[in-house]
Amino acid sequence: MISVHVLEDGLEPGDNSLFSNSTMKESLFAFIHGEQEMGVSRPTCIVSEPFAPWTLEVAQRAGIPRVEFCASNAMSYLVLINLVHLYSEGIFPEKGSPTKWTTENPVMLDHIPGLPPFRSELLGREIRFNDASHPFVKLLTEIVSCSKHSERVLINSVIKLEPMAFKALQIQGVKAFDVGPLPMPGKEESSSKAECISWLNSQGDHSVIYIAFGSVATLSVEEMHELASGLEGSGCSFMWVIRKDNRGEKELPQILPEGFLERTKDRGLIISWAPQVEVLSHRAVGGFLSHCGWNSTFESLQEGVPMLCCPRFSDQRINCHYICEQWNTGVEVMRTDTGGLERSYVEAGVKALLHGEEGLKARHNAQRIMAITKKSQKEGERHSVANLQRFYDDMRALCCISDNP
Ligand SMILES: O=c1ccn([C@@H]2O[C@H](COP(=O)(O)OP(=O)(O)O[C@H]3O[C@H](CO)[C@@H](O)[C@H](O)[C@H]3O)[C@@H](O)[C@H]2O)c(=O)[nH]1
């Protein structure tokens with residue numbers, strides 16, 4: 001049974017200072033201490049997000065282990081804990097000096113022990129730093145140090161999908177456990193479920209492109225226009241999630257090209273939140289245009305749906321690399337020189353995925369991976385469940401907790 005306790009964080013609404021916060025530190029310690037006093041349900045460990053290194057100090061004060069949970073995959077975790085090392089190798093140009101590498105002119109990085117060389121552009125612009133005093137670099141240094149003190153790292157992935165990254169973690173001494181895929185909690189607006197499914201029921205097999213950018217990434221109005229025009233030009237049916245927070249106070253006609261809704265009303269459905277897993281498992285869905293968030297990537301693989309990749313930031317480039325180059329379960333939308341969306345590229349990508357040779361191959365590979373996932377589930381011994389149990393047993397042993405305290 002899971003019981004949820006809400007702790008005081010001392011933050012103003014909208015303040016996301018998760019990384020270091022003394023109120024949270026004290027609240028968490030007081031909570032653990034209180035539970036320990038009561039004895040019956042004393043915590044065995046702290047399971048912490050890597051980006052909250054302050055939880056290590058709380059765990060040490062409470063005398064319990066800290067374990068990390070990585071909501072993304074093993075490769076992303078590996079990159080995270082090696083970034084400071086990459087910075088110190090000088091792979092990022094000094095301010096003012098000519099760029100050593102760019103997206104257009106990538107170089108191969110071979111600095112991560114245990115990992116084959118990978119293309120530099122997998123590391124997005126937002127994490128390319130050359131200044132050791134930058135707050136992000138300082139945070140990373142703390143993350144790396146805490147990671148070394150973590151008993152285990154639970155990763156929301158499966159080893160069969162990324163054996164090399166798990167191997168590299170092992171080589172680097174990280175005790176990584178694959179515990180994915182973990183189910184995602186539903187969201188309130190799933191009341192659109194009946195509408196979505198009934199609309200999909202009226203569409204042909206594999207004829208619909210589903211478009212969603214997860215819960216964080218947003219598109220500018222210009223990008224919305226390019227995406228909409230590309231969809232229109234493709235002539236394909238589409239289901240498009242435009243979150244309320246991505247349109248603010250504006251109504252749909254204000255953020256989409258003039259007349260777009262009217263012209264596409266017979267073949268398009270726009271909603272503010274979809275029952276994504278149900279949508280992906282529907283026979284009518286032929287492809288998923290996605291930002292490549294890890295959960296979306298995983299869900300698409302589990303349902304055998306090929307992807308049209310449009311990564312935005314963070315681990316999404318790594319996920320896109322897996323999709324397009326390792327598993328071959330999708331294709332990437334071409335970008336403009338400045339990295340933006342362009343209608344003709346969107347149109348070409350949608351057509352290629354739904355009707356082209358590349359799309360057919362991607363679907364075939366996605367279905368092959370889906371079959372592997374389903375098979376291992378059927379065998380009843382889901383590796384991840386076994387790993388979670390093993391982790392739990394280990395933590396209990398570490399804390400010397402018996403069943404009858
Ligand atoms: O209309 C929608 C849109 C999304 N989802 C669900 O929301 C989740 C979205 O997760 P994900 O694809 O991982 O995207 P984000 O929510 O943006 O995830 C953040 O966290 C991920 C895990 O760390 C990272 O991989 C991403 O880069 C980061 O943006 C998935 O389970 C979807 O099924 C819905 O149910 N309905």
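All values below come from the heavy atoms of this structure, side chains included, with hydrogens, waters and symmetry mates left out. All ligand and atom numbering here is 1-based and tracks the order in the structure.
The shortest N/O to N/O separation between S272 and ligand 1 does not fall below 3.5 Å. Checked by distance only, ligand 1 and S215 come closer than 3.5 Å through their nitrogen or oxygen atoms.
At a cut-off of 3.5 Å, with distance as the only test, a side-chain donor of N73 or S76 sits close to an acceptor on the other residue. Side chains of N328 and H364: no donor on one and acceptor on the other come within 3.5 Å. Looking at Q276 and N295, their side chains never bring a donor and an acceptor atom within 3.5 Å of each other. A donor atom on one side chain and an acceptor atom on the other are not found under 3.5 Å apart for T329 and Y322. A donor-acceptor pair shorter than 3.5 Å can be found between the side chains of R363 and H206.
Within ligand 1, counting atoms from 1 as listed, the ones closer than 4.0 Å to a heavy atom of S296 are 11 (P), 12 (O). For ligand 1, the atoms lying closer than 4.0 Å to a non-hydrogen atom of D315 are 24 (C), 25 (O), 26 (C), 27 (O). Against a heavy-atom cut-off of under 4.0 Å, A274 is close to the following atoms of ligand 1: 1 (O), 2 (C), 34 (C), 35 (O), 36 (N).
Under 4.0 Å from ligand 1, heavy atoms of V216 appear from its side chain as well as its backbone. Counting heavy atoms closer than 4.0 Å to ligand 1, residue Q316 contributes side-chain atoms (C-beta onward) but none from N, CA, C or O.
In this structure, CD on E223 lies 7.5 Å from SG on C310, to the nearest 0.5 angstrom.
For the side-chain hydrogen bond (donor to acceptor under 3.5 Å, both in side chains) test, no residue two or more places apart in sequence or in another chain qualifies with E303. Evaluation of the side-chain hydrogen bond (donor to acceptor under 3.5 Å, both in side chains) rule for S237 yields Q203 as partners, not counting sequence neighbours.
Here the shortest heavy-atom distance to atom 32 (C) of ligand 1, taken over M239, E49, Q276, belongs to Q276. Among W273, F213, W240, the residue whose heavy atom lies closest to atom 6 (C) of ligand 1 is W273. The closest heavy-atom contact to atom 13 (O) of ligand 1, among the options N156, I242, I211, N295, comes from N295.
Residue-ligand proximity: H291 is placed with a non-hydrogen atom under 4.0 Å from ligand 1.
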